[in-house]
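Structure, as structure tokens:
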There are 2 protein chains.
Amino acid sequence: MATIRDISKLAGVSVTTVSRALNHYDDVSPTTKQKIIEIAKEIGYVPNRSAQNLVKNQNNTLAIILSGLEKNGGKDNIIYRLLSGMYSYSESVNYEVVLYTTSSAHQREKTYVQFCREHNIGGAVLNGIRLDDPYFKELVNSDLPCVLIDIPAIGGNTSSISIHNKQAANDAVSYLIEQNHKHIGMINGHGEASVSLERYEGYVMALNKYKIEINEQYIVHADFQQNVAYEKTKQLLNKCPEITALFCASDMMALGAMKAMKEMNLKIPDDISVIGFDDIPLAEFATPPLTTMEQDFYRMGEEAARQLLKMIKHEKTERNIFLEHNLIVRNSVRML
Amino acid sequence: MATIRDISKLAGVSVTTVSRALNHYDDVSPTTKQKIIEIAKEIGYVPNRSAQNLVKNQNNTLAIILSGLEKNGGKDNIIYRLLSGMYSYSESVNYEVVLYTTSSAHQREKTYVQFCREHNIGGAVLNGIRLDDPYFKELVNSDLPCVLIDIPAIGGNTSSISIHNKQAANDAVSYLIEQNHKHIGMINGHGEASVSLERYEGYVMALNKYKIEINEQYIVHADFQQNVAYEKTKQLLNKCPEITALFCASDMMALGAMKAMKEMNLKIPDDISVIGFDDIPLAEFATPPLTTMEQDFYRMGEEAARQLLKMIKHEKTERNIFLEHNLIVRNSVRML
DNA sequence: TTGTACGCGTTATCAA
DNA sequence: TTGATAACGCGTACAA
């Protein structure tokens with residue numbers, strides 16, 4: 001590989017001058033600069049990132065930390081959209097993005113902090129991390145700039161991005177109630193996700209608003225997973241056949257629930273209504289098309305990167321950023 | 001940040017010893033090694049990747065190069081599955097993966113080779129790259145180990161992974177013919193994708209086998225895009241109403257085609273049959289569920305990474321690797 | 001078994 | 001406007 005040293009020899013100048021020319025410093029004569037750039041191009045010079053990072057001790061890289069890339073995951077397209085938004089903004093400010101994910105398979109995995117330090121990461125966005133993840137705690141308590149998706153900002157140098165989950169859940173459940181549903185079940189995620197608590201609160205808020213009593217039996221957890229939701233829905237509807245509508249805290253779970261209903265010979269939405277959360281691509285194609293609460297994950301990714309850059313530059317940032325949510329009415333809910 | 005120098009002072013040994021202890025050399029006494037490791041942990045030492053890379057001049061990193069992360073893309077989940085498979089294997093051999101994608105938005109983008117050199121990438125897997133992409137040519141003509149997904153191996157140090165596209169297309173179209181279809185249209189991708197040519201050949205092969213004449217009017221290109229397929233399908237079916245079945249070179253295009261058919265009041269599969277390609281998650285949820293040719297993208301990613309590692313280690317590799325395809329019969333094709 | 005000294009490729013400081 | 005030189009953190013001949 002060609003180095004600036006090679007260029008310096010060819011151009012008959014010092015490496016210092018080469019470095020300055022290539023970095024467009026203004027204290028190098030136009031002629032030498034011109035010559036250097038030409039030679040560099042000619043011999044196919046490419047700067048060595050590692051060397052640059054080493055001396056500059058910052059490397060214009062952001063990390064996105066995910067809970068795991070699973071073989072059969074990704075069907076909700078959320079990670080793709082997040083990534084896509086993050087790349088879009090990062091690119092515009094000349095930053096790069098690296099992805100880190102812990103695999104349960106390997107024990108030799110590093111903590112998030114280790115990974116970031118090792119790679120000299122400027123900041124990280126976290127998605128899908130459980131609150132009880134010890135590496136998560138370590139990270140937010142470090143001084144690394146972090147943007148948490150769907151988790152309220154905690155710890156030293158963090159901020160967060162999400163929709164108003166409580167309000168969104170309230171809107172979804174209120175919509176159900178306005179269609180005259182009174183016995184409304186909820187398929188929630190798990191206890192180690194902030195959004196689960198918030199969406200539960202929104203559910204309760206809506207019922208309270210309409211003076212409908214809360215029945216704790218109506219609420220089950222399905223770990224945000226389609227197949228778990230499938231099982232839990234069967235159990236729930238067998239135990240409480242009076243339920244006429246189900247509020248699911250994710251579309252993937254709604255899909256599982258719908259599968260269960262069909263197998264129980266319940267017609268959607270005639271016999272039972274379903275409302276989802278996220279508006280994933282599959283929602284539109286479900287039978288019937290799923291009514292759901294839309295979140296703009298592309299924008300979340302974009303905002304996360306923007307926020308991170310502000311934090312890196314020590315600009316003033318908001319602690320918690322909220323994006324808008326939007327109810328997408330399709331055909332999985334009927335008026336009673 | 002703590003460095004090995006800090007550790008050496010604390011431990012009262014030289015940096016050399018620290019380095020060796022941390023890298024598990026066997027020529028350091030168990031006691032000193034023990035002590036060093038403890039101190040390292042205590043002060044939260046993390047090795048500096050840049051420094052390591054600089055001195056070792058190889059950094060255990062693979063790249064995945066994509067044609068672009070689009071705001072509304074990713075619905076086919078292919079990139080996710082590829083990534084997921086690649087990470088899985090890479091992790092098992094202690095390699096990392098970085099993602100590179102050219103955005104049409106920015107001109108300051110680097111060529112693939114530049115990116116790889118800059119980051120000291122050991123090898124790259126390419127997906128979704130057009131044959132006429134000049135950066136693609138540059139890359140395969142460089143000496144960087146490359147694994148091409150869906151493109152036959154060309155250039156110096158490359159190999160490829162794909163299914164037998166011609167055979168798979170032949171299988172799909174034969175299936176249609178065996179259901180007594182004779183007027184079979186094809187929605188293909190674009191001319192700068194090897195798979196388009198191969199799938200076209202498979203289509204022709206099947207028709208020839210059954211002595212059905214090829215009608216070039218029946219074949220249109222839709223750039224692998226859903227909405228283009230939607231438009232082209234309308235045009236095609238208006239022009240050639242005798243068509244009873246459509247072979248689509250991707251599921252996303254099949255989805256677009258189905259939308260067009262529905263709008264034309266054609267019942268699927270009663271009035272017209274459709275067969276897709278890929279078996280994306282949406283296929284199962286389409287109405288009716290889409291019969292399609294399955295590809296295992298997770299495995300492709302895994303194999304790509306495995307192949308790359310062989311190439312990096314100068315082990316013997318096969319030039320072209322073929323995975324199996326598998327027809328998934330659902331309800332979008334009927335027997336005439 | 002351990003330490004000294006050098007080099008990886010680059011940028012920054014200072015002096016010329 | 002340019003150049004010599006010292007860093008950055010680590011790995012490794014070579015010497016002890």
Side-chain angles (χ1 to χ4, degrees), chain A residues 1-37 39-40 43-61 94 96 110 114-122, chain B residues 1-37 39-40 43-61 94 96 110 114-122:
Chain A
M1 279 298 83
T3 70
I4 51 171
R5 187 165 229 98
D6 299 326
I7 301 178
S8 88
K9 278 178 194 153
L10 258 39
V13 296
S14 71
V15 290
T16 312
T17 305
V18 175
S19 176
R20 280 191 289 230
L22 261 20
N23 289 299
H24 301 289
Y25 277 53
D26 49 10
D27 59 353
V28 43
S29 83
T31 44
T32 31
K33 176 170 174 176
Q34 176 69 15
K35 187 162 78 179
I36 288 169
I37 290 180
I39 294 177
I43 65 175
Y45 167 76
V46 172
N48 182 318
R49 236 13 211 213
S50 297
Q52 288 181 323
N53 296 344
L54 185 58
V55 61
K56 291 204 293 192
N57 197 34
Q58 68 78 259
N59 68 2
N60 289 21
T61 306
N94 214 351
E96 291 181 353
K110 311 163 184 130
Q114 275 173 351
F115 178 84
C116 291
R117 298 269 186 245
E118 233 184 72
H119 291 262
N120 231 299
I121 295 290
Chain B
M1 281 298 81
T3 71
I4 51 170
R5 189 169 227 94
D6 299 325
I7 301 179
S8 88
K9 278 179 194 153
L10 257 38
V13 297
S14 73
V15 290
T16 312
T17 307
V18 176
S19 175
R20 282 191 287 228
L22 262 20
N23 290 302
H24 301 290
Y25 276 53
D26 50 8
D27 59 352
V28 45
S29 83
T31 45
T32 32
K33 177 171 175 177
Q34 178 69 14
K35 188 162 78 177
I36 287 169
I37 290 181
I39 294 177
I43 65 174
Y45 168 77
V46 172
N48 182 316
R49 249 345 224 224
S50 299
Q52 288 182 323
N53 295 345
L54 187 57
V55 62
K56 290 202 294 192
N57 196 35
Q58 72 68 268
N59 67 3
N60 289 23
T61 306
N94 214 348
E96 291 182 352
K110 313 165 182 127
Q114 275 173 353
F115 178 83
C116 292
R117 298 267 185 245
E118 232 184 73
H119 291 262
N120 229 299
I121 295 290

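Just the heavy atoms: all of them, side chains too, but no hydrogens, waters or symmetry mates, feed the values below. In the text below, chain A, chain B and the rest are named by the order of the sequence lines, each starting its count at 1.
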Smallest heavy-atom separation, B:Pro47 atom then A:Glu118 atom, equals O-CG, 3.2 Å
Result for 5'-nearest mapping on DNA chain C, choosing between B:Ala51 and B:Val13, is B:Val13
Flag the pair B:Asn120 / B:Asn53 as yes when at least one side-chain heavy-atom distance between them is below 4.5 Å, and no otherwise. no
Note: contacts of residues 21-36 of chain B with DNA chain C (heavy atom, under 4.0 Å) are B:Asp27, B:Val28, B:Ser29, B:Thr32
For side chain to side chain contact (heavy atoms under 4.5 Å, CB included), just list the numbers for A:Ile39 and A:Val18, CA-CA rounded to whole Å, side-chain angles, deciding distance to a tenth of an Å, and then say yes or no. CA-CA 10 Å; A:Ile39 294 177; A:Val18 175; over 6 Å; no
Taking atom C1' of D:dG11 as reference, at what distance in whole Å does atom CG of B:Asn48 sit? 13 Å
For residues A:Asp27 and A:Arg20, report the shortest heavy-atom separation together with the two atoms involved. OD1-CD, 3.5 Å
Using a heavy-atom cut-off of 4.0 Å across all strands, would you classify A:Thr3 as base, sugar-phosphate, or nothing? sugar-phosphate
Chi angles and distances behind the side chain to side chain contact (heavy atoms under 4.5 Å, CB included) call for B:Gln114, B:Arg117: CA-CA 5 Å; B:Gln114 275 173 353; B:Arg117 298 267 185 245; 5.9 Å; no
In whole Å, what is the span from the CD1 atom of A:Ile4 to the C1' atom of D:dT2? 14 Å
Determine the minimum heavy-atom distance between A:Leu54 and B:Ser50, stating which atoms define it. N-CB, 4.1 Å
Nearest whole angstrom, please: distance from the C1' of C:dG9 to the CG of A:Asn57. 16 Å
By nearest atom, which of the nucleotides D:dT12, D:dG3, C:dT10 is closest to the B:Ser19 side chain? D:dT12
Calculate the interatomic distance between A:Ile7 atom CD1 and C:dT10 atom C1'; express it in whole Å. 12 Å
Is the phosphate of D:dG11, meaning OP1 or OP2, less than 4.0 Å from a side-chain N or O of B:Gln52? yes
Scan nucleotides 4-7 of chain C against the protein and return all N/O pairs shorter than 3.5 Å with their distances rounded to 0.1 Å.
residue: C:dT4; atom: O4; partner: B:Thr16; partner atom: OG1; Å: 2.7

Length of the CZ-C1' vector between A:Arg49 and D:dC8, whole Å: 17 Å
Taking atom types as modelled, find out whether A:Thr16 and A:Ser19 have a side-chain donor-acceptor pair closer than 3.5 angstrom. no
Check the distance between C:dT10's P and A:Asn60's CG and give it to me in whole angstrom. 17 Å
If you define the side chain from C-beta out and look only at heavy atoms, does anything of B:Asn48 sit under 4.5 Å from B:Thr3? no
Nearest-Å distance for atom pair NZ/P, residues B:Lys56 and D:dA13: 13 Å
Rounding to an integer number of Å, can you tell me how far B:Asn120 CG sits from C:dG9 P? 10 Å
Check step by step if side chain to side chain contact (heavy atoms under 4.5 Å, CB included) holds for B:His24 and B:Lys33. CA-CA 8 Å; B:His24 301 290; B:Lys33 177 171 175 177; 3.2 Å; yes
Of the listed nucleotides D:dG11, C:dT10, D:dG9, the one nearest the side chain of B:Leu54: D:dG9
